[in-house]
Amino acid sequence: MRFRAVGTVVAIMALLLSPAAQVLADPHAVAPVASAATQPTPLPPQVACDTLARTDVSQSVGAVTGITSATVTTTSAGYQVCDVKGVIAPQIQFQVQLPTTTYRQRYLQTGCGGLCGSLNIRVQAAAGCVPVTDGTFAMASNNQGHVSGGSADGNFGYDPQLRVDFAYRADHVTALAAKALIKKFYGASPKFSYFDGCSQGGHEGLTEAQRYPDDFDGILAGAPASITTELNTFNQPWLARVAFDSSGKLILPASKLPALHKAVMNRCDGLDGLVDGQLDDPRACNFDPATIACPASADTPECLTKAQITVVRKIYSGAVTDRDERLYPGGQAYGSELAWAGWLIPNNPAAAQDTTTAWGIGNGWVKNLAFEKNPPLSYNLKDIRFDRKTFAESQRLAKLYDAKDPDLNDFRRGGGKLIMWHGWADQAIPPTGTIWYYKALQNKMGGLANTQKFARLFMFPGVYHCGGGYGPNTFDLLTSLIDWVEKGSAPTSVTASVGSRTRPVFAYPQVARYKGSGSIDDAANFVGAPPQRPTHDDLHWLGG
């Protein structure tokens with residue numbers, strides 16, 4: 001990342017006479033570097049693609065790096081790239097795709113999901129983003145330093161170096177390798193560098209901003225698993241175990257979820273002033289699952305038994321100790337019920353407890369990654385205790401894995417821009433964790449106004465983990481990030497869609513408010529407004 005000052009006195013004076021002068025008045029801001037009508041010029045390759053197969057970038061990376069292949073291929077978007085694959089010691093596999101005719105001096109690195117372990121360049125929250133589809137970007141990704149262990153995923157945790165690579169090193173050295181290859185191929189380093197990831201990829205983005213603030217000019221971090229230690233040591237095991245009894249018998253089947261979700265929406269949909277099938281902020285909801293209790297001795301899909309009511313309450317509460325102390329900032333949000341199937345409740349009521357996604361991630365973590373000294377091989381997710389002692393043990397590695405440091409002064413000083421986003425109905429990572437971090441960021445960086453000069457959060461009603469859901473879930477925040485970095489245009493809202501409905505989503509804490517006329521499925525009929533009720537973002541929990 002480089003500070004980009006205007007090159008001449010004439011240009012400076014022009015800026016001082018324009019709206020951009022407000023940006024220059026902020027000592028922490030960087031002046032816009034391009035007008036809305038300009039963008040980086042195309043840059044053709046200076047060497048043949050196969051030359052990169054014989055290129056050694058080890059010194060640039062600071063670690064032994066081998067290129068395993070460099071071949072010309074055509075992407076699914078239809079443009080041609082030099083596809084480079086390599087390995088950074090000890091076993092970080094990476095891939096870089098360098099456009100042969102369409103490159104415009106932009107670099108985009110993408111993150112992974114879960115416990116990673118595979119190689120896949122995946123751009124998210126970028127529906128219709130032209131620079132992605134037309135080959136503007138050189139792109140890269142990595143496997144976070146290990147190969148997936150399949151049914152024993154997380155087994156890389158037996159190697160301390162692989163823990164470090166997964167925690168924070170892999171993305172940094174991949175950025176160094178990719179930029180060195182870009183410079184070799186095109187004869188110049190990229191003018192702008194971006195990161196885009198969701199879930200573990202969102203965690204990677206925040207890790208980069210906190211640990212390596214010069215790697216990227218702009219970071220897009222969706223549903224970030226940034227409170228990683230607590231999320232995987234307690235939240236996922238809690239979700240994986242809560243719907244089953246001690247013998248592994250399912251208490252709350254997926255067939256109950258539609259009625260539960262319907263009851264939640266009937267109770268809380270109108271709290272934001274509009275009955276539209278989505279919740280602007282689920283925290284305003286005060287639903288009690290006992291309102292749909294089954295009559296004595298009855299058990300139908302439309303009601304909950306006493307045992308099922310207890311399970312639902314525990315799901316909403318999230319992982320807590322026997323003293324009701326939170327082990328993670330928040331539980332499942334009201335409105336997320338339909339997404340519980342598959343993540344924490346098997347779709348098939350006869351399926352085993354260990355078939356859910358929460359079990360797979362949580363079990364792999366607690367067996368292999370949660371503790372300084374790995375437990376016996378017989379240990380599994382059922383052995384985790386939700387108490388202060390276990391929490392304290394997990395904190396010994398929290399500084400290795402977690403990306404919750406709110407001190408982004410170096411990132412801000414370098415001109416970095418951060419956009420975080422999260423779905424309000426996320427079934428995998430409670431959205432309150434991201435809001436908690438954003439509040440911690442404000443507390444450290446001088447309040448909301450100062451924070452929004454370089455970091456903004458967007459919360460999407462009715463959206464599940466990293467996309468999908470019943471709310472408007474298709475949107476493009478990557479273009480917003482590019483405009484912010486390259487033109488100085490900070491995003492105030494983004495339009496999201498689902499089916500024929502479009503809605504604006506405003507920078508948190510603002511919400512979309514209906515004007516009072518016109519279709520509620522048309523984004524043009526909404527404006528940004530403060531929330532009707534005060535938000536309580538300082539959620540108390542043991543790690544806070």
Side-chain angles (χ1 to χ4, degrees), residues 235 238-320 330-359 423-428 430-432 460-465 468-473 498-499 501 520-521:
N235 186 70
W238 179 274
L239 294 180
R241 287 166 47 175
V242 71
F244 295 81
D245 64 20
S246 58
S247 66
K249 181 180 179 181
L250 183 63
I251 300 172
L252 179 69
S255 60
K256 298 276 188 168
L257 300 180
L260 175 61
H261 179 71
K262 180 180 178 180
V264 169
M265 301 307 290
N266 286 342
R267 171 68 180 175
C268 299
D269 187 2
L271 294 177
D272 54 20
L274 190 65
V275 177
D276 56 354
Q278 60 187 56
L279 307 179
D280 275 2
D281 187 341
R283 295 173 300 177
C285 186
N286 59 352
F287 172 75
D288 182 358
T291 58
I292 56 169
C294 294
S297 72
D299 185 2
T300 71
E302 301 303 318
C303 65
L304 298 176
T305 66
K306 184 177 180 180
Q308 291 164 354
I309 290 171
T310 299
V311 167
V312 170
R313 285 174 174 163
K314 289 182 177 180
I315 292 173
Y316 288 138
S317 81
V320 295
Q332 299 298 88
Y334 294 113
S336 65
E337 299 80 17
L338 296 178
W340 298 354
W343 192 272
L344 61 116
I345 298 172
N347 286 293
N348 181 352
Q353 185 176 8
D354 62 3
T355 60
T356 64
T357 304
W359 180 284
W424 267 122
D426 191 322
Q427 75 278 25
T432 45
F460 291 81
V463 174
Y464 295 160
H465 186 57
Y470 53 91
N473 52 51
V498 60
R501 169 174 287 183
I520 64 171
D521 293 329

What is the ring orientation for Tyr334 with Tyr316, classed by angle as parallel under 30°, tilted 30 to 60°, or perpendicular over 60°? tilted

Hey, could you give me the CZ/CG distance between Phe244 and Leu344, rounded to the nearest 0.5 Å? 8.5 Å

With a 4.5 Å heavy-atom cut-off, do Leu279 and Pro461 have their side chains touching? no

What distance separates Ile315 CD1 from Trp340 CH2, expressed to the nearest 0.5 Å? 4.5 Å

Less than 4.5 Å apart, any side-chain heavy atom of Gln308 and any of Cys303? no

For the residue pair Val463 and Pro472, what are the closest heavy atoms and their distance? CG2-O, 3.3 Å

Distance from Arg283 atom CZ to Asp281 atom CG, nearest 0.5 Å? 4.0 Å

Taking all atoms of both residues into account, what is the closest heavy-atom pair of Gly331 and Pro430, and its distance? O-CB, 3.4 Å

Show me the pairs that pass salt bridge (Lys or Arg N to Asp or Glu O under 4.0 Å) and involve residues 254-263, at least two apart or across chains. Lys256-Asp299

Using side-chain heavy atoms (C-beta onward) and a distance below 4.5 Å, is Phe460 in contact with Gln278? no

Close side-chain approach of Arg501 to Ile520, heavy-atom, < 4.5 Å: yes

Looking only at heavy atoms, what is the nearest atom pair of Val498 and Tyr470, with distance? CG1-O, 4.1 Å

CG of Leu252 to CG of Leu257, rounded to nearest 0.5 Å, is 5.5 Å

Ignoring hydrogens, what is the shortest heavy-atom contact between Tyr464 and Gln427? Give both atom names and the distance. CB-OE1, 3.5 Å

Taking all non-hydrogen atoms of both residues, which atom of Pro253 and which atom of Ile251 are closest, and how far apart? CD-O, 3.3 Å

Check whether Asp272 reaches the backbone of Asp280 with its side chain - one donor and one acceptor, N or O, closer than 3.5 Å. yes

Can you give each donor-acceptor pair under 3.5 Å made by side-chain atoms of residues 285-297, sequence neighbours left out, with the distance rounded to 0.1 Å?
from   : atom 1 : to     : atom 2 : distance (Å)
Asn286 : OD1    : Arg267 : NE     : 3.1
Asn286 : OD1    : Arg267 : NH2    : 3.2
Asp288 : OD1    : Ala290 : N      : 3.0
Asp288 : OD1    : Arg313 : NH2    : 2.9
Thr291 : OG1    : Asp288 : O      : 2.8

Separation of Leu260 CG from Ser255 OG (nearest 0.5 Å): 11.5 Å

Identify, with sequence neighbours excluded, every residue that meets salt bridge (Lys or Arg N to Asp or Glu O under 4.0 Å) alongside Asp269. none

Is the backbone of Gly335 close enough, under 3.5 Å, to the side chain of Glu337 for a donor and an acceptor to pair up by distance? yes

Flag, side chain of Gln353 to backbone of Leu250, donor-acceptor distance under 3.5 Å: no

Can you measure from CD1 (Ile345) to OG1 (Thr357) and round to the nearest 0.5 angstrom? 12.5 Å

Which atom names give the shortest non-hydrogen contact between Trp238 and Ser317, and what distance separates them? CZ2-OG, 4.1 Å

